[in-house]
Every structure is written in C-alpha cells, then in structure tokens.
Amino acid sequence: AKPAPTGEINEETKRPKFGFPNGQPEVVDWLGQKKLIDAAKKANKDIHVVICSSMGGTNPNNSLNNLGKVTNADGSSSGGDILKWKRKSEVYLMESGLPYTIVHPGGLLNEPGNERELCLGVNDKIEGTSNNSVPREDVANVMIAALDDDRYRGRSFDLVSKPVGDGVVTKDYSKLVASLEGKNCDYSLGEIA
C-alpha cells in the first residue's frame with residue numbers, strides 16, 4: 001500500500017493526514033500478497049518468491065503504522081498498521097513451503113544505484129552505518145541477485161546503504177549476503193496483524 005496526503009490536517013498535530021487511496025494495508029499488503037503467494041504455489045511449488053517489504057517491523061509503534069489509521073465513533077481504531085500487515089504476509093510466505101527471500105529496505109531514495117556500499121542486517125539493526133535509507137535501484141539489484149544466487153533463499157533481512165563516497169561500492173552480491181553470517185529476521189519481535 002502506498003500512503004498519500006488526504007488533503008486534511010490533523011487538528012492536534014497540525015500536520016497533514018495520510019491515507020491509502022489505492023487500498024488499505026490489510027487489503028494490499030496482506031490479502032493481495034496472500035493471493036500472489038497462493039497463485040505462485042499453485043503454479044509451481046518450487047518457484048522462488050522475492051518480496052520487497054519494509055524495515056521497522058520490530059517496533060509496533062513505528063510511525064508508519066499510524067499512516068491511514070482512523071479513530072472510529074466507538075473509540076476503536078481501524079486502518080493503517082502497514083508494517084504489521086506486511087509481516088503477516090511475510091510469515092505466510094515463510095510457512096508456505098515456497099523458496100523465498102524477503103528484503104526489508106530502509107527509506108527508499110529516488111537516487112541512482114550502483115554508487116554506494118550496501119549493508120545488510122536483521123531486526124532493524126544494521127552494523128557499519130547509521131544511515132537508514134537506500135536507492136530504489138539498489139533494492140532492485142539485491143532482489144535480482146536473490147533470484148540468481150541460491151544463498152539468498154530462505155532469507156529475511158534488512159537493507160540500507162552508506163552515503164555516496166563512504167565505503168566501497170557493492171558489486172559482489174554473494175559477498176553481501178554472506179555478510180549476514182546465516183542470520184535472519186526474528187518474527188517473534190514486534191507485532192503481526
């Protein structure tokens with residue numbers, strides 16, 4: 001699901017309200033992903049499914065979960081919780097029996113790829129940089145590498161990049177995945193919708 005400003009202002013914070021004009025996270029990030037996973041499994045039980053998700057899932061209070069959330073007349077809330085719905089689809093994929101790779105990029109940058117050192121980690125912790133963003137093109141390159149290199153199968157990890165000029169530009173994606181030293185994200189952390 002992709003958030004967008006609704007045109008309204010939150011009276012309490014004086015900041016713009018965001019919603020999901022093309023579908024709430026439950027519909028897009030859970031039900032839509034579930035249908036894709038089910039279709040993949042039906043088509044070929046050995047198909048390698050690669051999902052681009054999002055960092056931040058270990059913190060149920062992550063501000064991304066508030067986007068599109070509304071308070072109902074009875075005081076309950078509905079909508080939002082994008083990271084919780086994403087995690088639900090990730091767990092569903094892992095339990096499907098299909099080969100998988102789940103990439104959790106940091107904040108996505110509309111900047112050229114192939115100009116930075118990429119860093120992997122798990123559980124919203126990445127050693128070696130305090131940067132928490134990555135160019136979209138670099139995310140795509142990692143996802144393509146996951147399809148080409150079996151060492152990416154059965155993996156769930158976080159991805160960011162160092163700023164341009166810091167470190168050595170990543171070119172060896174086998175070495176990149178090896179930097180995880182076998183670690184995967186722990187889905188007992190955070191909350192799942």
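This is a predicted model, so every value here is computed, not measured.
In this structure, Val122 is not a member of the same hydrophobic cluster as Ile102, with clusters built from ILVMFWY side-chain heavy atoms closer than 4.5 Å. Put simply, Leu108 and Leu118 are part of the same group of oily side chains (I, L, V, M, F, W, Y) that touch within less than 4.5 Å, one to the next. Linking Ile, Leu, Val, Met, Phe, Trp and Tyr residues whenever their side-chain heavy atoms come within less than 4.5 Å leaves Val28 and Ile37 in two separate clusters. Under the 4.5 Å side-chain heavy-atom criterion for grouping Ile, Leu, Val, Met, Phe, Trp and Tyr, Met94 is connected to Ile192 within one hydrophobic cluster. Leu120 and Met143 fall within a single hydrophobic cluster, where Ile, Leu, Val, Met, Phe, Trp and Tyr side chains are chained together by heavy-atom contacts under 4.5 Å.
Shown are Lys42, Lys34, Lys35; of these, the salt bridge (Lys or Arg N to Asp or Glu O under 4.0 Å) with Asp38 is made only by Lys34. Of the candidates Asp186, Asp158, Asp124, Asn123, Asp124 is the only one forming a side chain to side chain donor-acceptor pair (under 3.5 Å) with Thr58. Just one of Thr170, Leu159, Val50, Val177 meets the side chain to side chain contact (heavy atoms under 4.5 Å, CB included) condition when paired with Val142; it is Leu159.
Remark: Ser63 OG to Ile82 CD1 distance equals 11.5 Å, nearest 0.5 Å. How far CZ of Arg87 is from SG of Cys185: 7.0 Å, rounded to the nearest 0.5 Å. One finds the CD1 atom of Ile9 at 9.0 Å from the NZ atom of Lys14 (value rounded to the nearest 0.5 Å). One distance of note links CG of Leu109 with CG of Asn131; it measures 7.5 Å at 0.5 Å rounding. A distance of 10.5 Å separates CD in Glu115 from OG in Ser161, rounded to the nearest 0.5 Å.
Proximity of a side-chain donor or acceptor of Tyr100 to a complementary backbone N or O of Glu90 within less than 3.5 Å is not detected. Proximity of a side-chain donor or acceptor of Ser89 to a complementary backbone N or O of Leu31 within less than 3.5 Å is not detected. Arg155 places a side-chain N or O within donor-acceptor distance of the main-chain N or O of Lys183, the cut-off being under 3.5 Å. Put simply, the side chain of Lys41 gets close to the backbone of Ser96: a donor and an acceptor are under 3.5 Å apart. The backbone N or O of Asp74 lies less than 3.5 Å from no partner atom in the side chain of Asn72, so there is not a single donor-acceptor pair. Side-chain N or O atoms of Glu8 include none that pairs as donor or acceptor with a backbone N or O of Pro16 at under 3.5 Å. Using a distance-only test at 3.5 Å, with no hydrogens or angles considered, no donor-acceptor pair links the side chain of Asp138 to the main chain of Gly113. Without hydrogens or angle criteria, Thr101 side chain to Tyr152 main chain gives a donor-acceptor distance under 3.5 Å. Judged by distance alone, with hydrogens and angles left aside, the side-chain atoms of Asn10 form no donor-acceptor pair with the main-chain N or O of Arg15 at under 3.5 Å.
In plain terms, the two heavy atoms of Lys162 and Gly128 that are nearest each other are CE-O, 3.2 Å. Closest heavy-atom contact between Val134 and Gly106: CG1-N, 4.0 Å. Across all their heavy atoms, Ala1 and Asp29 have their closest contact at N-OD2, 2.9 Å. Counting all heavy atoms, side chain and backbone alike, Gly80 lies closest to Trp85 at O-CD1, 3.4 Å. Taking every heavy atom of both residues into account, Ser54 and Leu64 meet most closely at OG-CD1, 4.1 Å. When all heavy atoms of Ser174 and Arg151 are compared, the closest pair comes out as OG-NH2, 2.7 Å.
The closest side-chain heavy-atom distance from Thr129 to Glu117 is not below 4.5 Å. Side chains of Phe18 and Asn66 form no contact here, defined as non-hydrogen atoms less than 4.5 Å apart. A 4.5 Å side-chain heavy-atom check between Ser156 and His104 finds at least one atom pair inside the cut-off.
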| query | Going through the distances and angles, do Glu137 and Asn114 end up as a side-chain contact (heavy atoms from CB on, under 4.5 Å)? | reply | CA-CA 8 Å; Glu137 186 177 353; Asn114 303 306; 3.2 Å; yes

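Remark: Pro60 pairs with Lys84, Glu191 by the side chain to side chain contact (heavy atoms under 4.5 Å, CB included) rule, at least two apart or across chains.
In this pair, Trp30 and Tyr92 present their aromatic rings perpendicular. The plane angle is above 60°, beyond the 30 to 60° band.
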